[in-house]
Amino acid sequence: MGKPDPTLTYVQYLNLDQVLTAQKTRSAEHDELLFIVIHQIYELWFKQLLHELGAAQRHLQVGDTAHSVRSLDRTAKIFRVAVDQLDVLETMTPLQFAGFRPHLAASSGYESAQFRELEAVLGRRDPAVAERYRAGSAERARIVGAMTRPALFDSFLRYLDKHGYKVPQSALLRDFDRPWESSDEVVDLLYAVYQEDGESVLVCEHLVTLDEIVQEWRYRHVKMVERTIGGKRGTAGSTGSAYLRTTVGKPAFPDLWAVRTQL
Ligand code: HEM
């Protein structure tokens with residue numbers, strides 16, 4: 001760490017010269033600035049979410065409840081803000097969007113590497129996703145890294161292990177580059193955790209909250225897409241809202257949902 005610089009200004013500290021000149025509209029449409037600003041804010045939140053989830057995983061791995069809960073709580077609150085932001089974008093009518101949409105060409109949120117990394121941290125395992133990014137690029141390396149490391153749920157199982165629960169070895173030592181498969185043994189274990197009603201339940205509930213909000217984001221995004229472009233195809237070439245609907249309602253932590261039927 002360097003020494004504090006007494007001459008540092010607000011503009012320098014926040015790099016505002018770069019940040020505030022990064023909104024380059026490509027049309028004369030009034031609403032294009034909002035579209036750019038919101039996407040940039042999302043990317044900044046994605047960056048913060050990845051930072052925060054990294055911390056959450058480190059705290060979980062060592063069994064630290066207080067700090068795990070704090071990080072998971074912050075993560076969920078950021079996601080809440082991200083979901084609520086869609087209200088602002090929904091003030092744009094279909095015609096206003098259509099006015100600058102051709103300027104987006106084939107670009108789309110579908111290409112967001114940070115979003116794909118986030119999905120991987122939450123457990124998605126799909127090599128084809130990483131392969132969409134140029135070989136040797138930093139984006140691809142980050143996604144591959146996240147798809148081969150323990151996902152958030154793996155860190156949570158490690159947390160339970162640290163707290164003395166008998167987590168199946170097959171779950172603790174699984175291949176992290178494979179998708180997690182729900183298991184009755186793990187659901188039974190979660191049943192025991194909930195019966196004790198101790199601090200580990202706090203962690204469970206924070207994970208469920210996070211899972212719920214991520215699913216809510218997907219639902220709100222597809223509804224916004226429907227109201228803005230109806231049944232048109234997406235700029236990335238997908239079937240648009242039809243494709244997006246296939247991604248809705250899929251939990252990241254299915255075991256934590258399954259156990260609720262037994263409680
Ligand atoms: C008027 C606003 C928006 C429209 C019409 C829209 C439309 C779409 C469409 C049609 C897709 C499917 C892929 C494609 O063919 O392009 C998509 C994917 C996606 N969009 Fe948006 N979007 C909007 C706003 C946003 C915002 C603000 C974000 C925030 C980052 C975002 C993030 C994403 C992501 C991450 C995906 C990939 C989802 C997945 O594959 O599961 N979109 N969007």
Side-chain angles (χ1 to χ4, degrees), residues 19 22-27 29-53 75 78-133 139-140 142-143 146-147 151 179 210-252:
V19 174
Q23 295 71 39
K24 298 191 167 39
T25 51
R26 288 168 184 266
S27 73
E29 280 296 325
H30 174 81
D31 284 23
E32 191 186 358
L33 181 62
L34 174 69
F35 187 79
I36 293 174
V37 166
I38 289 208
H39 278 83
Q40 289 182 343
I41 294 170
Y42 261 101
E43 288 295 335
L44 288 173
W45 279 136
F46 289 161
K47 182 171 183 167
Q48 182 64 33
L49 285 167
L50 289 165
H51 185 59
E52 210 58 50
L53 283 169
T75 303
I78 293 173
F79 249 109
R80 163 63 49 219
V81 169
V83 171
D84 287 347
Q85 253 178 228
L86 294 179
D87 288 346
V88 184
L89 202 48
E90 282 184 342
T91 60
M92 178 176 69
T93 68
L95 204 64
Q96 286 159 349
F97 182 51
F100 64 88
R101 192 178 192 225
H103 291 280
L104 305 181
S107 68
S108 165
Y110 187 79
E111 294 168 71
S112 169
Q114 292 201 102
F115 182 77
R116 298 307 174 198
E117 192 181 339
L118 212 43
E119 286 186 315
V121 170
L122 293 172
R124 183 166 184 193
R125 296 292 181 267
D126 182 353
V129 170
E131 283 159 19
R132 289 191 217 126
Y133 299 86
E139 286 93 342
R140 184 153 161 176
R142 287 184 64 106
I143 296 166
M147 284 197 185
L210 175 61
D211 199 351
E212 196 173 348
I213 296 183
V214 176
Q215 291 184 62
E216 200 179 321
W217 182 82
R218 289 191 187 275
Y219 172 77
R220 285 290 318 273
H221 175 258
V222 69
K223 293 319 275 184
M224 180 190 64
V225 171
E226 277 174 10
R227 70 184 279 171
T228 311
I229 63 168
K232 290 180 201 161
R233 296 188 81 84
T235 45
S238 80
T239 52
S241 52
Y243 155 68
L244 291 167
R245 271 196 297 274
T246 67
T247 68
V248 173
K250 293 185 177 157

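Numbering of ligands and ligand atoms starts at 1, following listing order.
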Asks: Can you sort out which atoms of ligand 1 are near Gly240, meaning under 4.0 Å from one of its heavy atoms?
Replies: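 Atoms satisfying the 4.0 Å criterion: 10 (C).
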Asks: First locate atom CD1 of Ile78, then atom CD of Gln48, and finally report the distance between them rounded to the nearest 0.5 Å.
Replies: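 One gets 5.0 Å once the value is rounded to the nearest 0.5 Å.
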Asks: For residues 29-38, pull every pair meeting salt bridge (Lys or Arg N to Asp or Glu O under 4.0 Å), keeping only residues two or more places apart or in separate chains.
Replies: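 Qualifying pairs, neighbours excluded: none.
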Asks: For the atom pair CZ (Phe46) and CD (Glu117), what is the distance rounded to the nearest 0.5 Å?
Replies: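 It is 11.5 Å, given to the nearest 0.5 Å.
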Asks: What protein N/O/S atoms sit under 2.8 Å from atom 21 (Fe) of ligand 1, by chain and number?
Replies: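 Listed by chain and number, the nearby protein N, O or S atoms are His221 NE2.
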Asks: Against heavy atoms of Leu89, which atoms of ligand 1 measure under 4.0 Å?
Replies: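 Reading through ligand 1 atom by atom, the close ones are 2 (C), 27 (C).
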Asks: Return the minimal non-hydrogen interatomic distance between Val121 and Ala146, and the atom names on each side.
Replies: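 Taking Val121 first and Ala146 second, the nearest heavy atoms are CG2-CB, 4.2 Å.
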Asks: Enter the distance from Arg218:CZ to Thr246:OG1 here, rounded to the nearest 0.5 Å.
Replies: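 Between Arg218 CZ and Thr246 OG1, I get 9.0 Å after rounding to 0.5 Å.
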Asks: Using heavy-atom distances only, which candidate in Ser112, Ser238, Gly230, Pro94 approaches atom 15 (O) of ligand 1 most closely?
Replies: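 Residue with the shortest heavy-atom distance to the ligand atom: Ser238.
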Asks: For Arg132 and Tyr110, test the side chains for any donor-to-acceptor distance below 3.5 angstrom and give the result as yes or no.
Replies: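 On atom types as modelled, these side chains qualify, holding a pair under 3.5 Å.
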Asks: Quick one: nearest non-hydrogen protein atom to atom 41 (O) of ligand 1, plus distance?
Replies: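 Atom 41 (O) of ligand 1 sits closest to the protein heavy atom Arg218 NH1, 3.0 Å.
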Asks: Can you sort out which atoms of ligand 1 are near Tyr42, meaning under 4.0 Å from one of its heavy atoms?
Replies: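 Near Tyr42, the atoms of ligand 1 are 27 (C), 29 (C), 30 (C).
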Asks: With a 4.0 Å heavy-atom cut-off (strictly under), which part of Met92 contacts ligand 1: side chain, backbone, both or neither?
Replies: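 It is the side chain that gets close, since no backbone atom is under 4.0 Å.
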Asks: Are more than 12 heavy atoms from other residues, nucleotides or ligands located less than 6.0 Å from atom CZ of Arg140?
Replies: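 Yes.
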Asks: Could you tell me whether some N/O pair between Thr228 and ligand 1 is separated by less than 3.5 angstrom?
Replies: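 Thr228 vs ligand 1: no N/O contact under 3.5 Å.
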Asks: Can you pull out the closest protein heavy atom to atom 40 (O) of ligand 1? Residue, atom name and distance to 0.1 Å, please.
Replies: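 Going atom by atom, the protein heavy atom closest to atom 40 (O) of ligand 1 ends up being Tyr243 OH, 2.4 Å.
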Asks: Atom CD of Glu43 and atom CG of Leu49: how far apart are they, to the nearest 0.5 Å?
Replies: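 These two atoms lie 11.0 Å from each other.
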Asks: Within a distance under 4.0 Å of any heavy atom of Phe35, pick out the atoms of ligand 1 and give their elements.
Replies: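 The atoms of ligand 1 under 4.0 Å from a heavy atom of Phe35 are 1 (C), 2 (C).
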Asks: Of the protein's non-hydrogen atoms, which lies at the shortest distance from atom 5 (C) of ligand 1, and what is that distance?
Replies: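 Answer for atom 5 (C) of ligand 1: Phe97 CE2, 3.7 Å.
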Asks: Test of understanding: given a 4.0 Å heavy-atom threshold, classify the contact between Arg233 and ligand 1 as side chain, backbone, both, or neither.
Replies: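 For Arg233, no heavy atom sits under 4.0 Å from ligand 1.
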Asks: State plainly whether the residues Arg116 and Glu119 are in salt-bridge range, i.e. N to O under 4.0 Å.
Replies: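 Yes.
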Asks: Quick check: does Ser241 get an N/O under 3.5 Å from an N/O on ligand 1?
Replies: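 No, no N or O pair falls under 3.5 Å.
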Asks: Is ligand 1 under 4.0 Å from a heavy atom in the side chain of Arg116, in the backbone, in both, or in neither?
Replies: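 The part of Arg116 near ligand 1 is the side chain, not the backbone.
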Asks: State the CD1-CZ distance between Ile36 and Phe100, to the nearest 0.5 angstrom.
Replies: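 CZ of Phe100 is found 8.0 Å from CD1 of Ile36.
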Asks: Determine the minimum heavy-atom distance between Trp217 and Ala82, stating which atoms define it.
Replies: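 Looking at all heavy atoms of both residues, the shortest contact is CD1-O, 4.3 Å.
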Asks: Please check whether Trp217 reaches ligand 1 - meaning an N/O of the residue sits under 3.5 Å from an N/O of the ligand, judged on distance alone.
Replies: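 No, there is no polar N/O contact under 3.5 Å.
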Asks: Which residue supplies the protein heavy atom nearest to atom 28 (C) of ligand 1, what is that atom called, and how far is it?
Replies: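 The closest one turns out to be His39 NE2, 3.6 Å.
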Asks: Could you walk me through whether Phe35 and Phe97 pass ring-ring contact (aromatic ring centres under 6.0 Å, His included), step by step?
Replies: CA-CA 9 Å; Phe35 187 79; Phe97 182 51; 5.4 Å; yes
Asks: Return each pair, listed once, that meets salt bridge (Lys or Arg N to Asp or Glu O under 4.0 Å) where at least one residue sits in residues 89-103; pairs must be two or more places apart or across chains.
Replies: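 Checked against salt bridge (Lys or Arg N to Asp or Glu O under 4.0 Å) - neighbours excluded - the pairs reaching residues 89-103 are Glu90-Arg220, Glu90-Arg227.
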Asks: Quick one: list whatever passes side-chain hydrogen bond (donor to acceptor under 3.5 Å, both in side chains) with Tyr219, sequence neighbours left out.
Replies: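 Tyr219: no side-chain hydrogen bond (donor to acceptor under 3.5 Å, both in side chains) contacts found.
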Asks: Tell me the contacting part of Glu43 for ligand 1: side chain, backbone, both, or neither, using a 4.0 Å heavy-atom threshold, strictly below.
Replies: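 Answer for Glu43: neither.
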Asks: Could you list which atoms of ligand 1 come closer than 4.0 Å to a heavy atom of Gly237?
Replies: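 Going through ligand 1 atom by atom, the ones under 4.0 Å from Gly237 are 15 (O).
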